[in-house]
Amino acid sequence: MNDGARPSDAELSPAERKIVDELGDLPLDFRAMWAISNVFRTSAAIRRHMESKVLAPDRLSWTAFVGLWVLWVWGEMEARDFAAAVGISRPTATGVMTTLEGRGFVTRRKDAKDGRMVLVSLTASGRATIEHLFPRFNAEESALASHLSGQQQDALASMLRSLLLAVERNGERGAAEASP
């Protein structure tokens with residue numbers, strides 16, 4: 001990047017060039033905009049890629065996959081904690097759990113101590129599915145990350161971790177603790 005506040009035109013993506021063309025005269029923090037918008041756009045592109053390349057053969061959405069992964073790693077949990085760990089609202093979590101339950105991947109039951117609480121857990125089929133699927137998912141993560149050196153991967157993970165902690169300090173919690 002050049003020493004100025006904005007990258008050179010050659011360093012910008014087409015979307016970034018359009019933003020500079022339309023908004024370049026405004027007193028905006030373009031560095032912050034590039035950083036945050038590129039995190040978002042990259043995340044969305046990776047999600048679409050993983051859904052089509054890895055999850056589609058198993059007819060799983062990203063959210064359903066994350067739900068299976070969360071339960072695989074953390075085990076049985078209360079439905080509201082499941083929603084927070086997956087990074088979705090409680091009503092959306094109910095739909096995801098219903099879909100996963102319908103496919104035989106999870107079960108829900110009332111907590112014996114507090115009948116108002118619903119506990120969700122993987123079934124044997126759900127466990128087998130995530131145990132079979134996750135190595136393929138991780139292989140694709142590795143393929144995508146291979147564009148970066150090991151040192152760059154470590155630096156990127158560290159920077160994103162730092163940004164996530166800053167967001168959490170500002171009161172946002174959710175999938176941060178649980179996402180694959």
How would you list, by chain and number, every residue that makes a side chain to side chain donor-acceptor pair (under 3.5 Å) with [X], sequence neighbours excluded?
X    : value
E76  : R109
Q153 : none
Q151 : none
D114 : R116

[atom2] on [Y] to [atom1] on [X], rounded to 0.5 Å:
X    : Y    : atom1 : atom2 : value
M33  : N38  : CE    : CG    : 11.0 Å
E141 : M50  : CD    : CE    : 4.5 Å
M159 : D154 : CE    : CG    : 10.5 Å
H147 : Q152 : NE2   : CD    : 7.5 Å
M77  : M117 : CE    : CE    : 11.5 Å
R48  : L55  : CZ    : CG    : 14.0 Å

* To do: Ignoring hydrogens and angles, state whether a donor on the side chain of E140 or H49 is under 3.5 Å from an acceptor on the partner side chain.
  =>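 On atom types as modelled, these side chains qualify, holding a pair under 3.5 Å.
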
* Asked: Is there a donor in the side chain of T107 and an acceptor in the side chain of T123, or the other way round, less than 3.5 Å apart?
  ->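 Distance-only check fails for T107 and T123.
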
Side-chain heavy atoms nearer than 4.5 Å, only ILVMFWY residues, links allowed to pass through others: does that put [X] and [Y] together?
X    : Y    : answer
L68  : I46  : yes
I19  : L12  : yes
V66  : F137 : yes
V118 : V96  : no

* With a cutoff of under 4.5 Å between side-chain heavy atoms, which Ile, Leu, Val, Met, Phe, Trp and Tyr residues group with L148? ->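 Hydrophobic cluster check, L148: joined to I36, V39, L156, L160, L163.
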
Are the side chain of [X] and the backbone N or O of [Y] linked by a donor-acceptor pair below 3.5 Å?
X    : Y    : answer
T98  : T94  : yes
S146 : A143 : yes
T129 : S125 : yes
T99  : G95  : yes

* To do: List the steps and the verdict of side-chain contact (heavy atoms from CB on, under 4.5 Å) for R103 and L60.
  => CA-CA 10 Å; R103 293 193 57 192; L60 287 171; 3.6 Å; yes

* Relative to the ring of F65, is the ring of F134 parallel (under 30°), tilted (30 to 60°) or perpendicular (over 60°)? ->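 Taking F65 first and then F134, their aromatic rings lie parallel (interplane angle under 30°).
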
* Asked: Would you call D58-R136 a salt bridge at under 4.0 Å N-O?
  ->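 A salt bridge links D58 with R136.
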
* To do: Take I130 and L71 through the test side-chain contact (heavy atoms from CB on, under 4.5 Å) and record every step on the way to the result.
  => CA-CA 10 Å; I130 193 65; L71 292 170; over 6 Å; no

* Any idea which heavy atoms bring E51 and W62 closest together, and the distance? ->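 Answer, listing the atom of E51 first, then W62: OE2-N, 2.8 Å.
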
Please table the atom pairs, donor to acceptor, closer than 3.5 Å between any side-chain atom in residues 81-90 and protein atoms at least two apart or in another chain.
unit_1, atom_1, unit_2, atom_2, d
S89, OG, T92, N, 3.2
S89, OG, T92, OG1, 2.9

